[in-house]
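A, B, ... follow the sequence lines: proteins, then strands. Residue 1 opens every chain.
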There are 2 protein chains.
Amino acid sequence: MSRSPEPRRHATLASLAAELKVSRTTISNAYNRPDQLSAELRERIFTAAKRLGYPGPDPVARSLRTRRAGAVGLVITEPLNYSFSDPAALDFVAGLAESCEDAGQGLLLVAVGPNRSLEDGSAAVLAAGVDGFVVYSASDDDPYLPVVQQRHLPVVVVDQPKDVPGTSRVCIDDRAAMRQIAEYVLGLGHREIGLLTMRLGLERPDGSRPTVADPERLRTPHFHVQRERIAGVYDAVAAAGLDERAVTVVESYEHLPTSGGAAAEVALAANPRLTALMCTADVLALSAMDYLRSRGIYVPGQMTVTGFDGIPDAVRRGLTTVVQPSIEKGRRAGRLLHEPPRDGLPVIEVLDTELLRGRTAGAPS
Amino acid sequence: MSRSPEPRRHATLASLAAELKVSRTTISNAYNRPDQLSAELRERIFTAAKRLGYPGPDPVARSLRTRRAGAVGLVITEPLNYSFSDPAALDFVAGLAESCEDAGQGLLLVAVGPNRSLEDGSAAVLAAGVDGFVVYSASDDDPYLPVVQQRHLPVVVVDQPKDVPGTSRVCIDDRAAMRQIAEYVLGLGHREIGLLTMRLGLERPDGSRPTVADPERLRTPHFHVQRERIAGVYDAVAAAGLDERAVTVVESYEHLPTSGGAAAEVALAANPRLTALMCTADVLALSAMDYLRSRGIYVPGQMTVTGFDGIPDAVRRGLTTVVQPSIEKGRRAGRLLHEPPRDGLPVIEVLDTELLRGRTAGAPS
DNA sequence: GTGAAAGCGCTAACAG
DNA sequence: CTGTTAGCGCTTTCAC
């Protein structure tokens, strides 16, 4: 395989300088400070570079010298197929990517996932050539967060965990938003409500069937977001003067297209008198709707269903839900890293949500 | 803001070595070759590291030394909202991410996009600290490809462009797959076919309304994949002994949820006798179906609709389409980078596709 | 405009 | 098991 003038070994800034008999500074300037040398010389340098196959200053060496990597690390602990199948998470990533793009920064997906051991994942965090991290929706006891913090780089947390000292966060008021939609549902007259939620803890208990969560479990401190959303429902229930037992919480451990249906089934089995199924995520609600339809249960006539997130699919299908600005979350997280507040103090940005009154909630039959 | 024992400036391997009065090698070994020193010493080092806030060897410096960045660069020229709204593209990214994760490599989304100038985008490619690149579905004249090649790193191209010398590629046989589904449609008896396709060129002509593509345009060499799929239809048409004019090609420049409907409208206006709408992407087909329904045109009774990709939504809605293994494409692309063939020769991997006979194709009315 | 000197923080031989 | 010696390829004062 003979190619065109293959460079001896590998062209470097120094070899180029030697070839042209100019100083390394001059070559560096040609790439980084065009105004520091004559246009002709610059041209001559670029020509020689092309001839020698010199691709320009080595990014890694430059990073070492300038102490800037030009990239942001994104740490998502959830399995990738979780995140890539949840439109809300995806929108977040898209927003973050957009913001990075605008700032000319790369976005590095850090190889942290359930396929890998904690050790490997930590190594990946430690080995990431980035200027800062975004940690997306981690559980309160996420093992990677300490590792991220160990890097002493700027960090922005999205959604959860709450209360990471010295760290900025972008989030919504999950509790208030959920309370609002719960009040709406209660206002319609529902008194027996199923609440379908994502897993509340990092561990995956027995198998993977959804289970009814007992009050004990509802208090365990893991996923702050789910907890807050559940708390929002209880807030509304209490405000309406109802008993806590009006709510049947079902926890789904998996994140499949059918998970919501499975959870709905469990909820209805646990309490056949339910007239409303509230869900902490649209994907759950849509799946639950599919299930209900397959069972010939009419929505909203026989069953009210609500979601959370406001993903396009849900909006299209008229789901009554809470719309949260997922893309904007991503953008904000990026901006917090790219243009940190002057005073260097951590910031908490709480974004607005909106109750979307769709066609899936009505009075109980 | 007074913190706990804040390190003087910034702990480094050298400062740790000095502190502990051991050689730098020993510290390095503690992190990279645990078997090269006693367990106690290693422990002692880690303890001191924690105390000084030393996060372990600097990734960038290590990369410079080892000549490995531990990350793969992904170059997608399409606008991000394109890619993030196309489930097939997304599946590809998920597959690639999965493969990177398994290999312990990061995945760097390179800031190349329409928001940025060619110059900025090139700079991003040149500045990416990666060990190789994946270029996803670029047009034949994509301006970033030469820049990627300039880096002299391993490159894997996905789908297109074809014929990049010395570069491996993962793809499917678009032409044969499309021919197959076209033959199926023709076999049902259709003789006037609308073919809805994504944009064929990099530029965006007048505005953004879909347009009927003239034969001239069909020959312009830009997006190889679209071209091949169109060619597959013409193959089938020719094999059936029909005239080329049996096909009305409509090109959509945008990539919105409604683009397929808009293209369908244009196609039907151009030739009201159409009995089938074939699409080069499921997203187009699904949107076209929505449009048809809104116009009271029944599928497949009054209009046959077919897609391409086999995205979950399409499968769920019973679309007749070609299923391609998007996730596997991503995995393969990653593997080609992580475990390159021994002989170093470029490889072309052609993945299998499958015709899915759904519920949206029938005999013409 | 250009060059010389001094590292950025680390790892990889190779000796001891 | 530990230390010594050399850089990896680049940018950045600071003189000239």
Side-chain angles (χ1 to χ4, degrees), chain A residues 7-45 48-49 52-70 123 126-131 151-153, chain B residues 7-45 48-49 52-70 123 126-131 151-153:
Chain A
R8 198 164 291 274
R9 177 67 188 151
H10 190 75
T12 75
L13 183 147
S15 70
L16 225 194
E19 176 84 12
L20 263 64
K21 304 198 190 305
V22 297
S23 119
R24 312 210 297 287
T25 308
T26 302
I27 308 289
S28 178
N29 283 338
Y31 285 96
N32 303 315
R33 299 198 198 154
D35 52 317
Q36 296 295 292
L37 68 164
S38 66
E40 311 98 280
L41 179 52
R42 193 163 121 99
E43 236 3 273
R44 203 149 63 81
I45 290 174
L52 297 185
Y54 177 63
D58 179 296
V60 175
R62 164 187 279 164
S63 289
L64 175 58
R65 188 58 237 241
T66 61
R67 311 268 59 199
R68 285 188 290 95
L126 259 12
V130 298
D131 301 318
R151 287 287 301 271
H152 299 305
L153 292 174
Chain B
R8 197 165 292 272
R9 176 69 189 151
H10 190 73
T12 75
L13 183 147
S15 70
L16 225 196
E19 177 84 12
L20 265 65
K21 301 199 194 305
V22 298
S23 123
R24 310 208 300 284
T25 307
T26 302
I27 309 288
S28 179
N29 282 339
Y31 286 97
N32 304 314
R33 305 207 189 139
D35 52 318
Q36 296 294 291
L37 38 52
S38 66
E40 311 97 280
L41 178 52
R42 194 163 120 96
E43 237 3 274
R44 202 151 60 80
I45 289 175
L52 297 185
Y54 176 64
D58 179 296
V60 175
R62 165 187 279 164
S63 290
L64 175 59
R65 186 60 239 237
T66 61
R67 312 268 57 202
R68 284 188 291 94
L126 259 12
V130 298
D131 300 320
R151 288 288 301 271
H152 299 304
L153 293 173

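When side chains are defined from C-beta on, A:Arg67 counts as touching B:Asp58, because their heavy atoms get closer than 4.5 Å. Taking the side chain as every heavy atom from C-beta outward, A:Leu20 and A:Thr26 never approach each other to under 4.5 Å. A heavy-atom distance below 4.5 Å is found between the side chains of A:Val60 and B:Val60.
Counting any heavy atom pair closer than 4.0 Å across all strands shown, A:Val60 reaches no nucleic acid atom. B:Arg24 comes within 4.0 angstrom of a nucleotide base, judged by non-hydrogen atoms across all strands. A:Tyr31 comes within 4.0 angstrom of nothing in the nucleic acid, heavy atoms only. A:Thr26 comes within contact range of the sugar-phosphate backbone alone, with a heavy-atom separation under 4.0 Å but no base atom that close. Note on B:Thr12: only backbone sugar-phosphate atoms sit closer than 4.0 angstrom, heavy atoms only; bases stay farther off.
For A:Ile27 and C:dA4, the CD1 to P distance is 13 Å, given to the nearest whole Å. Following rounding to the nearest Å, A:Leu20 (CG) and C:dG3 (C1') show an atom-to-atom distance of 15 Å. Taking atom CG of residue A:Asp58 and atom P of nucleotide D:dG7, one finds them 18 Å apart after rounding to whole Å. For the pair B:Arg65 CZ and D:dC8 C1', the computed distance is 6 Å after rounding to whole Å. When rounded to the nearest whole Å, the span between CG of A:Leu64 and C1' of D:dG7 equals 12 Å. As a whole-Å value, the separation of B:Arg62 CZ from D:dG9 P is 18 Å. The interatomic distance linking A:Leu13 (CG) with D:dT11 (C1') rounds to 9 Å, in whole Å. As a whole-Å value, the separation of B:Tyr54 OH from C:dG9 P is 10 Å.
When all heavy atoms of B:Ala30 and B:Ile45 are compared, the pair lying nearest together is CB-CD1, 3.8 Å. Between B:Ala127 and B:Arg151 the shortest heavy-atom distance is N-NH1, 4.2 Å. A:Leu16 and A:Tyr54 get closest at one heavy-atom pair: CD1-CD2, 3.5 Å.
Within 6.0 Å of the CZ atom in B:Arg68, the count of heavy atoms belonging to other residues, nucleotides or ligands does not exceed 12.
Note on B:Arg67: every side-chain N or O is 4.0 Å or more away from OP1 and OP2 of D:dC8. Contact between the side-chain N/O atoms of B:Ser28 and the OP1/OP2 oxygens of C:dC10 is not found at any separation under 4.0 Å. For D:dT2, the OP1/OP2 oxygens have no side-chain nitrogen or oxygen of B:Asn29 closer than 4.0 Å. Taking side-chain N and O atoms only, A:Arg68 has no distance below 4.0 Å to OP1 or OP2 of C:dC8.
Contact annotation: side chain of A:Thr25 to base of D:dT11, donor-acceptor pair absent below 3.5 Å.
Of the residues in residues 33-42 of chain A, A:Arg33 come within less than 4.0 Å of DNA chain D through at least one heavy atom, sorted by number.
Under a 3.5 Å cut-off, the side chain of B:Ser28 and the backbone N or O of B:Arg24 do not form any donor-acceptor pair.
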